[in-house]
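Let me begin by presenting the structure, written as structure tokens, before commenting on it.
What you are looking at is a predicted structure, and each value in this text was computed from that prediction instead of being measured. Throughout, protein chains are lettered first and strands after them, A, B, ... in sequence-line order, and every chain is numbered starting at 1.
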Protein chains: 2
Amino acid sequence: MSSAALKPPETFFHSKLFRGLGHEELAPLAAICQRRRIPSGEQLIRQYSAAQHVYVVVAGTLMIERLSRSGRRQVIAFSYPGDYIGFTNTEDYEYSVVCLREAELQVFPRREFLTLVDRFPTLKANARQVGGNVLAQTLDQLFALGQKKAHERLCFLLAQIGRRQCGAHNADIELIMSRQDIADYLGLTIETVSRAFARLKAMQLVEIVSAHRIRVLDRSVLEELASVQ
Amino acid sequence: MSSAALKPPETFFHSKLFRGLGHEELAPLAAICQRRRIPSGEQLIRQYSAAQHVYVVVAGTLMIERLSRSGRRQVIAFSYPGDYIGFTNTEDYEYSVVCLREAELQVFPRREFLTLVDRFPTLKANARQVGGNVLAQTLDQLFALGQKKAHERLCFLLAQIGRRQCGAHNADIELIMSRQDIADYLGLTIETVSRAFARLKAMQLVEIVSAHRIRVLDRSVLEELASVQ
DNA sequence: CGCCCAGTTGATCATTATCAAGATTTGTGG
DNA sequence: CCACAAATCTTGATAATGATCAACTGGGCG
């Protein structure tokens, strides 16, 4: 864990949170920023623990999930580079965060970070927008779970991941998470997820290169089935 | 629509948003606050319209919903006195709001309201908490839709309404919304909702006084089935 | 009074879950 | 690098749950 104060500010450019900021804003941010590397499989945030930090994903993939006493699990989101994590308004985190693929994160003490958010209008506007995106994304997922069939929900996830990693080549979708993770994200079982993949393949919407690599053959139909609008 | 500037500040006390505020904070709030009465059935917010106002419910009940192009509907929340509405971080509302029971609202111009939020730390803390509650509530609903069976989802709604109106007598739950509204909130059909009621009755958890009045007979079991923790 | 609408109940169908078996991938040690 | 074990994923058969279609009930209101 080394201070990022010595790092060039370009490392901040990965997130919407820091878009349009000048050196006078980035410098104090860098001053309170630390770096953290999380190996795959490790937990970053434990549900119900005190919310002391805000994170920005620089590299890797993480999964946000919620467990109930009865042992049921709801996956809330998959986090990619540029996403922020832990920006809750409550005292405690209401979810756990685990690392799916070795990740690198920027770590900010929550209180100091919020102070800077208050001080810099651009940062504040960004934070508000990013916070709004989280709610919007959750509402999308809510719509998918409430109104869509299994194969439509899977399209919803594929389209979402496709949009996220469109910076890469736009042909293949890489599924870092397991079938169980997908099932718990979509409110299904692994068997139903597997059959939903088979169905999309039969519909010639996708080609299943491997269990974790999906080639989209008809993006427009995929988007149509995925649409929550 | 009359300005609330002339009204006594007690009318503000209904919402968490205004808890702990002194006169120096309430006065400028009152200065930008207007009152609005909405008749039952009328629309307060149209999906995708520009987010220009923030509302606080003083009386009545409203329903927040989202419609897709394909005609499917997801009900997102039912709003009771003390709740705020429209406090989005995006440019446009991503949902519609309709009135279920004649409502009275405080109306604040969004921009001016946010300026005051910035100026007053207590108000800011309150706004943050309330905003956090919305996300928390949406995550609860997400868990219910993803992980729970029909009768458990119904318990989730009943427990939620029970908590909201517990200021009243704690015996009966009044359901202002229709069975279709409940169905679209829980991601079910009206028939399944009806059968879920019958099941809870058979389990002796509730008594169905009338279609819109439910007597809870065993709160602890109801809460257990409703629990998302 | 009788219509209309919301809600309920019943019969049947479709979808998803569960249980079980096989296939494939991944990880590990030789 | 291969072989084997373990874990993950897929597929099949069956059961449970919820959706759909249809008929019926009951309360509110002209």
Side-chain angles (χ1 to χ4, degrees), chain A residues 39-41 63 70-75 98 100-102 144-158 173-203 206-215 225, chain B residues 40-41 63 70-75 98 100-101 144-158 173-203 206-215 225:
Chain A
S40 177
M63 174 171 63
S70 57
R72 285 181 274 193
R73 179 180 78 142
Q74 178 64 47
V75 172
V98 297
L100 289 183
R101 164 172 292 179
E102 179 174 63
L145 294 204
Q147 307 301 325
K148 285 186 172 292
K149 299 212 181 297
H151 72 285
E152 295 174 315
R153 295 188 208 180
L154 183 56
C155 288
F156 169 75
L157 174 63
L158 292 176
I173 289 175
E174 195 188 355
L175 297 173
I176 291 133
M177 64 293 296
S178 72
R179 291 293 190 265
Q180 187 63 61
D181 296 335
I182 294 176
D184 289 343
Y185 181 71
L186 299 176
L188 301 167
T189 59
I190 44 171
E191 294 95 332
T192 300
V193 170
S194 202
R195 279 184 252 268
F197 271 116
R199 182 167 177 180
L200 297 186
K201 181 185 168 189
M203 292 168 78
V206 302
E207 181 184 328
I208 298 165
V209 181
S210 79
H212 295 276
R213 176 163 295 275
I214 307 296
R215 184 159 299 150
L225 289 173
Chain B
S40 177
M63 175 170 63
S70 57
R72 285 181 274 192
R73 178 178 78 141
Q74 179 64 48
V75 172
V98 297
L100 289 182
R101 164 172 291 179
L145 294 203
Q147 307 302 323
K148 284 185 172 294
K149 298 208 180 300
H151 71 285
E152 295 175 315
R153 296 188 207 181
L154 183 55
C155 289
F156 169 75
L157 174 63
L158 292 176
I173 289 175
E174 195 189 356
L175 297 174
I176 290 132
M177 63 295 295
S178 72
R179 292 291 190 266
Q180 187 64 60
D181 296 334
I182 294 176
D184 289 343
Y185 181 71
L186 300 175
L188 301 168
T189 59
I190 44 172
E191 294 95 332
T192 300
V193 169
S194 203
R195 279 184 253 268
F197 271 116
R199 181 165 178 181
L200 297 187
K201 182 185 167 188
M203 291 168 79
V206 303
E207 182 184 327
I208 298 164
V209 182
S210 79
H212 293 277
R213 177 163 294 276
I214 307 296
R215 184 159 298 150
L225 289 173

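In this structure, B/T192 does not reach the D/dG18 phosphate: none of its side-chain N or O atoms is under 4.0 Å from OP1 or OP2. For B/R195 and C/dT9, the shortest distance from a side-chain N or O to OP1 or OP2 is not below 4.0 Å. Regarding contacts with the backbone of D/dT8, every side-chain N or O of A/H212 stays at 4.0 angstrom or more from both OP1 and OP2. Contact annotation: A/T189 does not reach the phosphate of C/dT16 (side-chain N/O to OP1 or OP2, under 4.0 Å).
Residue B/E191 places its side chain closer to D/dA22 than to any other of D/dA22, D/dC9, D/dG18. Comparing D/dT20, C/dG7, D/dT11 against the side chain of A/A198 picks out D/dT11 as the nearest. Between D/dT10, C/dT9, D/dG18, one nucleotide has an atom nearer to the side chain of B/L188 than all others, and that is D/dG18.
When all heavy atoms of B/Q74 and B/Y185 are compared, the closest pair comes out as NE2-O, 3.1 Å. Nearest heavy atom pair, residue B/L188 against residue B/R153, reads CD2-NH1, 3.9 Å.
Between the CD1 atom of A/I214 and the P atom of D/dC9 there is a distance of 11 Å, rounded to whole Å. If you measure from atom CZ of B/R199 to atom P of D/dA16, you get 12 Å, rounded to the nearest angstrom. Residue B/R153 contributes atom CZ, which lies 13 Å from atom P of D/dT17 at whole-angstrom precision. Atom P of nucleotide C/dT8 and atom CG of B/L200 are separated by 12 Å, given to the nearest angstrom. D/dA7 atom P lies 16 Å from atom CG of A/D181, rounded to whole Å. Atom CZ of A/R179 is separated from atom P of C/dT26 by 11 Å (rounded to the nearest Å). In this structure, the CG atom of B/L186 is 15 Å from the C1' atom of D/dA19, given to the nearest Å. Taking atom CD1 of residue B/I208 and atom C1' of nucleotide C/dT8, one finds them 10 Å apart after rounding to whole Å.
Side-chain contact between B/L225 and B/M203 is present, with heavy atoms from C-beta onward closer than 4.5 Å. Taking 4.5 Å as the limit, some side-chain heavy atom of B/L175 sits within range of a side-chain heavy atom of B/L158.
At a threshold of 4.0 angstrom between heavy atoms, the contacts of A/H151 with the nucleic acid are absent. Across all strands, A/S210 comes closer than 4.0 Å to no nucleic acid atom at all (heavy-atom distances).
Judged by distance alone, with hydrogens and angles left aside, the side-chain atoms of B/E174 form no donor-acceptor pair with the main-chain N or O of B/H212 at under 3.5 Å.
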